[in-house]
Amino acid sequence: MIRVLLVDDDPLVRSGLRLMLRGAPDVEVVAEAADGAEVAALVAEYSPDLVLMDIRMPGMDGLAATEVLRARPSPNSPRSSIQRMFHPPEVLVLTTFNTDEYVLRALRAGAAGFVLKDTPPQEIVAAVRKVVAGEPVLSPAVTQQLIAQVSEGTGGRETRAERARAQLALLGDREREVAVAVGQGKTNAEVAAELYMSVPTVKTHVSRILAKLDLNNRVQIALVVYDAGAAL
């Protein structure tokens with residue numbers, strides 16, 4: 001069973017999501033929250049596999065809650081050894097607008113993707129399954145559209161570019177090739193075909209990239225590649 005925590009300040013939205021998810025035989029809603037400030041405690045109590053997270057809430061918003069859940073401790077942190085034993089749940093963002101700046105910030109914080117609130121029920125269930133299986137819920141077209149629209153005209157672009165290029169410089173040649181392909185929205189199978197390697201080898205490279213760059217998922221790899229201008 002896929003254990004889900006629902007987080008939305010609108011009780012009607014939560015009710016609709018709960019009824020929809022309970023219709024799936026492999027999904028269980030284990031808890032609900034109306035404020036991002038409740039998320040950490042509920043995750044510790046119920047150990048969900050996924051948090052379906054609203055972005056805009058009157059208390060702690062979904063962005064801050066996502067950052068808390070997905071934060072990686074510093075190697076020198078006294079709590080780091082304990083925190084590494086805890087595998088945080090994946091975060092799937094719920095939003096009303098696909099150009100919402102908060103969505104991009106949530107992805108940078110470690111969310112595995114986003115779904116619009118008017119997405120058909122069967123597609124939301126499919127998104128939950130994909131994210132738990134390690135597949136980000138962002139098509140290549142939507143990824144490029146979202147990042148381009150939200151990044152356009154925002155501050156810190158040059159600083160992010162410098163940081164991203166420095167990150168990519170840490171990778172080996174093949175790892176960089178895989179990272180660029182991931183940044184272009186390609187699946188493991190497509191990367192394997194393009195770079196003449198096996199799918200397991202691609203997966204190994206992706207795992208190494210995540211570890212070297214201290215990232216949470218493929219979406220964050222794509223964001224680094226985009227910031228560096230390497231996917232163009």
Side-chain angles (χ1 to χ4, degrees), residues 1-4 24 26-27 48-53 66 69-70 72 84 87-93 98 103-104 106-116 119 122-148 150-151 160 163-232:
M1 293 291 289
I2 299 173
R3 298 168 57 82
V4 176
D26 57 339
V27 178
D49 301 300
L50 178 138
V51 178
L52 196 53
M53 183 90 75
T66 298
L69 285 181
R70 302 298 302 181
R72 286 170 176 258
R84 286 197 190 95
H87 180 70
E90 298 294 345
V91 176
L92 182 59
V93 172
N98 65 353
V103 175
L104 180 60
L107 296 179
R108 292 189 188 281
F114 76 93
V115 290
L116 300 178
T119 299
Q122 66 273 18
E123 293 183 22
I124 292 182
V125 173
V128 167
R129 291 172 177 146
K130 286 181 179 180
V131 167
V132 171
E135 303 175 34
V137 182
L138 287 170
S139 70
V142 172
T143 301
Q144 295 302 323
Q145 177 187 12
L146 173 69
I147 297 174
V150 176
S151 295
R160 289 202 308 271
R163 183 169 60 246
R165 293 187 190 110
Q167 286 180 288
L168 291 184
L170 298 174
L171 304 178
D173 292 340
R174 292 299 268 175
E175 291 169 343
R176 181 184 171 87
E177 290 176 340
V178 170
V180 170
V182 169
Q184 293 169 340
K186 291 181 171 63
T187 65
N188 285 340
E190 291 170 337
V191 175
E194 179 180 302
L195 299 180
Y196 303 102
M197 60 178 67
S198 68
V199 171
T201 299
V202 173
K203 291 181 179 178
T204 297
H205 280 308
V206 170
S207 295
R208 289 175 179 170
I209 293 166
L210 292 173
K212 282 187 176 183
L213 304 188
D214 195 24
L215 303 176
N216 283 292
N217 51 48
R218 295 168 68 96
V219 175
Q220 289 191 326
I221 295 177
L223 290 170
V224 169
V225 170
Y226 178 84
D227 282 343
L232 303 178

Looking at D227 and A164, what are the two nearest heavy atoms and their distance? CB-CB, 3.6 Å
Contacts of E194 meeting side-chain hydrogen bond (donor to acceptor under 3.5 Å, both in side chains) (sequence neighbours excluded), chain-then-number -> K186
Looking at side-chain heavy atoms only, is the closest gap between L171 and I209 below 4.5 Å? yes
With respect to V91, which candidate in L69, L50, L52 satisfies the side chain to side chain contact (heavy atoms under 4.5 Å, CB included) definition? L69
According to side-chain contact (heavy atoms from CB on, under 4.5 Å), who are the partners of R129, at least two apart in sequence or on a separate chain? I2, A24, P25, D26, V125
Return the CG to CE distance between L92 and M53, rounded to the nearest 0.5 Å. 10.5 Å
Applying side-chain hydrogen bond (donor to acceptor under 3.5 Å, both in side chains) to T201 and not counting sequence neighbours gives S198
Which pairs with one or both residues in residues 200-209 pass salt bridge (charged side-chain N to carboxylate O under 4.0 Å, His left out), sequence neighbours excluded? none
By salt bridge (charged side-chain N to carboxylate O under 4.0 Å, His left out) - contacts of E177 (at least two apart): R174
So, do T119 and L116 sit near enough that their side-chain heavy atoms are less than 4.5 Å apart? yes
For E123, which residues count as a side-chain hydrogen bond (donor to acceptor under 3.5 Å, both in side chains) partner, sequence neighbours excluded? none
Checking K130 now: which residues fulfil side-chain hydrogen bond (donor to acceptor under 3.5 Å, both in side chains) with it, not counting sequence neighbours? none
